[in-house]
Visitor: 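Quick one: structure below, then a few questions.
The shown structure was predicted, so the numbers you read here are calculated from the model rather than taken from an experiment. Values reported hereafter were calculated over all heavy atoms of this structure, with side chains retained and with hydrogens, waters and symmetry mates removed.
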Amino acid sequence: MEPCALAVDLGGSNIRVAVVTRSGGIAERLSRPSRAAEGREAVLSVLLSALDESEQVLQTQTALGIGIAVAGALDVRSGIVTQSPNLPGLDDTPLRTIVASHFADRLPVLLENDANAAALGESWKGAGVGSQTLVCLTLGTGIGGGIIENGLLLHGADGMAGEIGHMTIDPSGPLCNCGNTGCLEAFSSATAIRRLAIEALGAHPDNAPILLQRCGGSPDRISAEMVAEAAAAGDLLSQTVYHTMGKALGIGIASLINIFNPDTVILGGQVAKAWDLFWPDTDQEVRKRALRVPGRRAHIVSAQQGDDAGLLGAAFLVFSTQGSFSIS
């Protein structure tokens, strides 16, 4: 019998649960709509039901615990979700206590921020294997981050270290959802790419024939994925958006390299799939701004585990409580 963990990726759109073995294999998985718009009780109902269903498939395996990756800010010590923009009903929810009580305290429950969990997953079974100092950026609707040193996550005094998306790139830049101006998230997230394209379209519609065709002439329908497809097809305006996005990302990565001296920087999330569109500008900025020695050391690579990174990281939380188990 190979020990396993019940791993959860608790997001604003979906709740995904998987049975993950100690060797990193995903034996079973399921996904359910999170029902976030219906409030806290609906989300908890879906979560607990999905966990029950996953536990029932365990036959020859022994569950060691439950690891939960949550989209939001957490107090990992107390197991409380302090604030979750995508799951507002869970603000100030003692999630660990609720889940543990549901299982009559039979299984230990561990919580982690979803971006931190993704960093753990990539470090354990992905692009960060063998890395000693790792910085992982998740480029999605927003930008999350995780920082790992010698197998341990950097949490900071309040458990909120790694908010890479909210480093300032340009003090005069656009307003970010956090209330600051010029954050990396305001330049290089999927939300930012969409905004940049719509803004540019208003001033230079003649430069975006492919993008206009793809959105049916309606800018409100534009998505980051649509901008990427148009840029790859030669749309000038869309390519310019990715130049801007890539440059800002390079400035941010150079700062991270200078501060943390990582051997590996991992870029994951949906936006990172457009690597060929932003990488030349990103690479140029990193080479220009990173200090010479740490700049040469840092390998900037694409994530390998995709959507499974958070699940693997959540499972790793459980296994890491079992004696000698570690990333290395």
Visitor: Heavy-atom count around Gln213 CD within 6.0 Å, excluding the residue itself: above 12?
Guide: no
Visitor: Do Glu185 side-chain atoms and Gly142 backbone N/O form a donor-acceptor pair below 3.5 Å?
Guide: no
Visitor: Not counting sequence neighbours, which residues clear ring pair (Phe, Tyr, Trp, His ring centres under 6.0 Å) with Phe278? List them please.
Guide: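 For Phe278 the ring pair (Phe, Tyr, Trp, His ring centres under 6.0 Å) partners, ignoring immediate neighbours, are Trp275.
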Visitor: Once salt bridge (charged side-chain N to carboxylate O under 4.0 Å, His left out) is applied, what residue pairs with a partner in residues 97-119 remain, sequence neighbours excluded?
Guide: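 Residue pairs with at least one partner in residues 97-119: Glu55-Arg106.
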Visitor: More than 12 non-hydrogen atoms from neighbouring residues, nucleotides or ligands closer than 6.0 Å to NZ on Lys247, yes or no?
Guide: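 Atom NZ in Lys247 is not crowded, with 12 or fewer foreign heavy atoms closer than 6.0 Å.
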Visitor: Filter on salt bridge (charged side-chain N to carboxylate O under 4.0 Å, His left out), then keep only pairs touching residues 86-101, sequence neighbours left out; what's left?
Guide: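 Applying salt bridge (charged side-chain N to carboxylate O under 4.0 Å, His left out) to every pair that reaches into residues 86-101, excluding sequence neighbours, yields nothing.
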Visitor: With a 4.5 Å heavy-atom cut-off, do Arg40 and Ile98 have their side chains touching?
Guide: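 In short, these two side chains touch, coming nearer than 4.5 Å.
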Visitor: Does Asp158 use its side chain to pair, donor to acceptor, with the backbone of Met160 at less than 3.5 Å?
Guide: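 Answer holds: no.
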Visitor: Could you work out, with salt bridge (charged side-chain N to carboxylate O under 4.0 Å, His left out) as the rule, every residue matching Arg297, not counting sequence neighbours?
Guide: none
Visitor: Check whether any side-chain heavy atom of Ile143 sits under 4.5 Å from a side-chain heavy atom of Ser188, and report yes or no.
Guide: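 Answer yes - side chains close enough.
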Visitor: Taking side-chain contact (heavy atoms from CB on, under 4.5 Å) as the definition, give me every residue that meets it alongside Val318, ordered by chain and number, with sequence neighbours left out.
Guide: Ala5, Leu64, Leu110
Visitor: Is a donor on one side and an acceptor on the other found under 3.5 Å between the side chain of Gln239 and the backbone of Ala231?
Guide: yes
Visitor: Hey, could you give me each pair passing salt bridge (charged side-chain N to carboxylate O under 4.0 Å, His left out) that has a residue in residues 266-283? Not counting sequence neighbours.
Guide: Asp283-Arg287
Visitor: For a 4.5 angstrom cut-off between non-hydrogen side-chain atoms, does Leu120 reach Ile148?
Guide: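 A side-chain contact exists here, since the closest heavy-atom pair is under 4.5 Å.
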Visitor: Report, one line per pair, each donor and acceptor closer than 3.5 Å where one atom sits in a side chain of residues 65-90; sequence neighbours left out.
Guide:
from  : atom 1 : to    : atom 2 : distance (Å)
Asp75 : OD1    : Arg77 : N      : 3.1
Asp75 : OD1    : Ser78 : N      : 3.2
Asp75 : OD2    : Ser78 : OG     : 3.3
Thr82 : OG1    : Ala73 : O      : 2.9
Ser84 : OG     : Ala71 : O      : 2.4
Ser84 : OG     : Leu87 : N      : 3.2

Visitor: If you compare all heavy atoms of Ala228 against all heavy atoms of Tyr242, which two are closest, and at what distance to 0.1 Å?
Guide: CB-OH, 3.3 Å
Visitor: Got a sec, which pairs hit salt bridge (charged side-chain N to carboxylate O under 4.0 Å, His left out) with one end in residues 224-234, sequence neighbours left out?
Guide: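 Only Arg214-Glu229 qualify under salt bridge (charged side-chain N to carboxylate O under 4.0 Å, His left out).
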Visitor: Do side-chain atoms of Asp9 reach the backbone of Gly310 as a donor and acceptor pair under 3.5 angstrom?
Guide: no
Visitor: Sequence neighbours excluded, which residues qualify as salt bridge (charged side-chain N to carboxylate O under 4.0 Å, His left out) partners of Glu149?
Guide: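 Partners of Glu149 under the salt bridge (charged side-chain N to carboxylate O under 4.0 Å, His left out) test: none.
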Visitor: Please list, chain by chain and in numerical order, all residues satisfying salt bridge (charged side-chain N to carboxylate O under 4.0 Å, His left out) with Asp308, sequence neighbours excluded.
Guide: Arg16, Arg29
Visitor: Who pairs with Glu285 by salt bridge (charged side-chain N to carboxylate O under 4.0 Å, His left out), at least two apart in sequence or on another chain?
Guide: Lys288, Arg289
Visitor: Let me have the donor-acceptor pairs involving side chains of residues 164-180, under 3.5 Å, with sequence neighbours excluded, atom names and distances please.
Guide:
from   : atom 1 : to     : atom 2 : distance (Å)
Thr168 : OG1    : Asn180 : ND2    : 3.1
Asp170 : OD1    : Ser172 : N      : 3.0

